[in-house]
Amino acid sequence: MTTEAEAAVQWPAWESAAFYMQDAEVMYPSIAAQRHGAPVYWYHPDGYPTGFWVLSKWEHQRFVGSHPELFSSRFGFAIGDASDPSTVIGQLPEWAQKSLEGDLGHAETRRMIAKGKLSMGDPDFEGLILSDPPRHGRIRNVLMKALRPSLVRSLKGRIAEITDEFLDEITPGEEVDFVTSLGRIPAALMTELIGVPRDMRDRFIEMASAQMLAITIDPNRSAEEVERIARLTEEFHTYCDELLEERRRRNDGAEDLVSIIGRSEFEGAPVPHGLEISFIHTFVNAGETTRALLSFVALALAERPDQRRILVERPELVGNAIEETLRYYPLNWSGCRTATEDIEIGGQQIHKDDYVVMAYASANRDEDVWDRPNEFDVTRSFDKDHQSFGYGEHSCPGALLARTDSTTIFERVLLRFPDWELAGPPVRWGSPFLQGLSSLPLRFHS
């Protein structure tokens, strides 16, 4: 139920990057006001060809995630996929632009925008994120051969070694930017797992970062930035092709991720090229999004020394602190599906082909699920999972790696430097799909 104070609060502009760049003290009351006043809400942004449903409650989002037969992933995964095509068409490859010039319905238009921005220009690109069962399960099975739990758990020692190497470069008391120092550990690990030569790793990470920007398509992006992203994305695609070709030619049974994908089969044949490229894309994104997670952990513990001291005294809670960070600072603001038939949720009639936005940032602070949802508490009980890795068929395939990475890294950090503080204001970036930190100045103390 909406309170009198909430009635005066403006509800979220879900499509606007500016909304997500507000202070938490402004943004989250806005999200809560809508959650209380209209937990299933039809929202039509100015300039969008159609509106979409926003689901703010944890239970409604869980229902959608549990029923891929009712809510398809084929027709877009982000709010921006529902944009007016004329505002984003210049950021898409030529084959996608030509398709959008045809007479497509709203759902097919979203699909083409989503595929175009993910594809790195490849018309044969096929991503896990845009697939439905049963094909989704077959695609995921191939991906999980590379990210199998036994491999991920075996990496703890190597993650600790890399972390110690990065920690050796930190001088106590001197300012260091966490994002560009310790925040690079997941990307360093991922380039090693992919088998990128050491002298190419910095360039590879730069190209991968550009691909992440391509995913968060922005109607307000300058022509120069569009050109830079397109150039680096094309270079990234070419380099991935070269990696795949080199591993097939070598065919030595190596256990790097690209070699595993290169010798895997899909439906009784070699993995299609469009899928191979999407798998490498998934591996790389795992490194970049884990950098954002680590940065938010470091920020949370810099601002809350009492919580950091709990972890120093009780290191077994580090994994729990990672979960609390994911809940409190969701990396993905939302995820989207398309209704496959008419269905009622929360007393609202959703029609076939309607776009449905699951506002993860809202569900992660749902008072019906979380006690004291606006407090950051590393001792919090997680009897129910947060939504930051999604749920159901499309839960994040790299979740175990992200958790293993983050927990191992902060166990090492807290052993070496149990105390740190902000050395300057953090710089956050945000879009309607993702958020992260571009700078986090810290001083570490032993």
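Two residues are said to be in side-chain contact when any heavy atoms from C-beta on lie closer than 4.5 Å; K117 and D81 meet this criterion. Between L437 and F296 the shortest side-chain heavy-atom distance falls below 4.5 Å.
Side-chain contact check for S388 and N332: no donor-acceptor pair (N or O, by modelled atom type) lies under 3.5 Å. A donor atom on one side chain and an acceptor atom on the other are not found under 3.5 Å apart for W58 and E367. At a cut-off of 3.5 Å, with distance as the only test, no side-chain donor of D405 or T290 sits close to an acceptor on the other residue.
Note: Y28 and W333 have tilted aromatic rings, judged against thresholds of 30 and 60 degrees for the angle between ring planes. Between W11 and Y41, the two ring planes are perpendicular [angle over 60°; tilted spans 30° to 60°]. The aromatic rings of F376 and Y328 lie perpendicular to each other, with more than 60° between the two planes, well past the 30° mark. Ring planes of H386 and F382: perpendicular class, angle over 60° (limits at 30 and 60°).
Applying salt bridge (charged side-chain N to carboxylate O under 4.0 Å, His left out) to E126 and the options R74, R135, R111 leaves one that passes, R135.
Checked against the 6.0 Å centroid criterion, the rings of F77 and F433 qualify as a close aromatic pair.
The distance from atom CG of L213 to atom CG of L232, rounded to the nearest 0.5 Å, is 9.5 Å.
The shortest heavy-atom contact between D366 and R35 is CA-NE, 3.9 Å. When all heavy atoms are compared, the tightest approach of G195 to L243 is O-CD2, 4.4 Å. The two atoms that bring L440 and P426 nearest to each other are CD1-CB, 3.8 Å, heavy atoms only. When every heavy atom of K145 is checked against every heavy atom of E265, the shortest pair comes out as NZ-O, 4.4 Å.
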As a quick check of understanding, evaluate salt bridge (Lys or Arg N to Asp or Glu O under 4.0 Å) for E255 and R263, giving each step before the final call.
CA-CA 10 Å; E255 283 296 295; R263 64 174 177 265; 2.8 Å; yes
Which is it for W95 and F125 under the ring pair (Phe, Tyr, Trp, His ring centres under 6.0 Å) test, yes or no, and what are the steps along the way?
CA-CA 12 Å; W95 53 264; F125 180 93; 9.0 Å; no
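In this structure, the side chain to side chain contact (heavy atoms under 4.5 Å, CB included) partners of E411, at least two apart in sequence or on a different chain, are V318, T407. For P133, the side chain to side chain contact (heavy atoms under 4.5 Å, CB included) partners two or more places apart in sequence, or in a different chain, are P68, H136, E393.
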